[in-house]
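I have placed the structure first, in the form of structure tokens, so that the comments after it can refer back to it.
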Amino acid sequence: MTEVAADPALAFIAQTVAEHPVVLFMKGTPDAPRCGFSAQAVQILDHVGAPFVGVDVLQDESLREGIKSFTDWPTIPQLYVKGEFVGGSDIVREMFGAGELQALLAEKGVPLGEA
């Protein structure tokens, strides 16, 4: 973990993922997504009623590049639940369609509200 400690962007990502049950690293904000994939992930999380923190990677180049190396996943958005990387937009959409996202959130103890 020395690499994480040495890189402020990676340290921020690790801290954010540790502090919040559900985190979506995305382009834009939940209220104003700046790409279709991020917008889709926000819509799905809103639909299942999962409270989440959105982190806009467009605000900082080191954050945008850092999130890709943090998980070795090349695309944004990226969803984390209870510190665990879930996947990007396609995986979130597929899991939602199969009911797996809702099951994962419930299994991890994330309270789901009304859509």
Side-chain angles (χ1 to χ4, degrees):
M1 287 302 250
T2 51
E3 182 182 338
V4 169
D7 186 319
L10 295 180
F12 170 79
I13 294 164
Q15 180 179 355
T16 302
V17 167
E19 288 179 356
H20 302 283
V22 182
V23 181
L24 182 66
F25 289 89
M26 59 181 292
K27 293 179 179 175
T29 63
D31 292 334
R34 294 184 52 196
C35 86
F37 297 109
S38 291
Q40 186 175 63
V42 167
Q43 286 177 334
I44 288 169
L45 290 170
D46 284 347
H47 183 77
V48 299
F52 69 98
V53 171
V55 178
D56 183 2
V57 300
L58 296 178
Q59 297 301 310
D60 185 322
E61 178 67 28
S62 65
L63 180 59
R64 184 163 60 244
E65 293 309 312
I67 193 64
K68 294 175 186 179
S69 65
F70 187 75
T71 51
D72 197 25
W73 190 262
T75 60
I76 297 164
Q78 293 186 13
L79 179 64
Y80 293 79
V81 176
K82 296 285 181 145
E84 179 183 323
F85 176 59
V86 175
S89 182
D90 290 346
I91 291 172
V92 169
R93 185 181 69 242
E94 290 168 13
M95 288 180 69
F96 169 69
E100 295 169 2
L101 180 63
Q102 301 88 314
L104 173 68
L105 292 165
E107 175 188 312
K108 296 287 188 177
V110 175
L112 300 180
E114 294 300 314

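Everything quoted here is computed from the prediction, not taken from an experiment.
- Considering only residues two or more places apart in sequence or on other chains, Asp90 meets the salt bridge (charged side-chain N to carboxylate O under 4.0 Å, His left out) condition with Arg93.
- A 4.5 Å side-chain heavy-atom check between Val55 and Leu63 finds at least one atom pair inside the cut-off.
- Residue pairs meeting the side chain to side chain donor-acceptor pair (under 3.5 Å) criterion with at least one partner in residues 17-38, sequence neighbours excluded, are Gln15-Glu19.
- Shown here for Met26 and Gly54, the closest heavy-atom pair between the two residues is SD-CA, 4.3 Å.
- Side-chain contact between Thr75 and Phe37: absent, with no pair of heavy atoms (C-beta onward) separated by less than 4.5 Å.
- Take Phe85 and apply the ring pair (Phe, Tyr, Trp, His ring centres under 6.0 Å) test, not counting sequence neighbours, and it matches Trp73, Tyr80.
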Audit row: Val92, Leu24, side chain to side chain contact (heavy atoms under 4.5 Å, CB included) steps and yes/no: CA-CA 11 Å; Val92 169; Leu24 182 66; 6.0 Å; no
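- Scanning for salt bridge (charged side-chain N to carboxylate O under 4.0 Å, His left out) contacts around Glu65 gives Lys68, with sequence neighbours left out.
- Leu10 and Ser69 get closest at one heavy-atom pair: CD2-OG, 3.8 Å.
- A 4.5 Å side-chain heavy-atom check between Val22 and Pro51 finds every atom pair outside the cut-off.
- The distance from the CZ atom of Phe25 to the CG atom of Asp56 is 11.5 Å, given to the nearest 0.5 Å.
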Residues Phe52, Asp46; criterion side chain to side chain contact (heavy atoms under 4.5 Å, CB included); working and verdict: CA-CA 9 Å; Phe52 69 98; Asp46 284 347; 3.5 Å; yes
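- Across Gly28 and Leu58, no two heavy atoms sit closer than the pair N-CD1, 3.9 Å.
- Legend: residues meeting side chain to side chain donor-acceptor pair (under 3.5 Å) with Thr16, ordered by chain and number and at least two apart, are absent.
- Taking Ala39 as the reference, Pro33 meet the side chain to side chain contact (heavy atoms under 4.5 Å, CB included) condition, with sequence neighbours excluded.
- Within the structure, ring-ring contact (aromatic ring centres under 6.0 Å, His included) pairs that include any residue of residues 92-112 comprise His47-Phe96 (at least two apart or interchain).
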Tabulate below the donor-acceptor pairs under 3.5 Å that side-chain atoms of residues 101-109 make, not counting sequence neighbours, or state none.
from, atom 1, to, atom 2, distance (Å)
Lys108, NZ, Glu84, OE1, 2.9

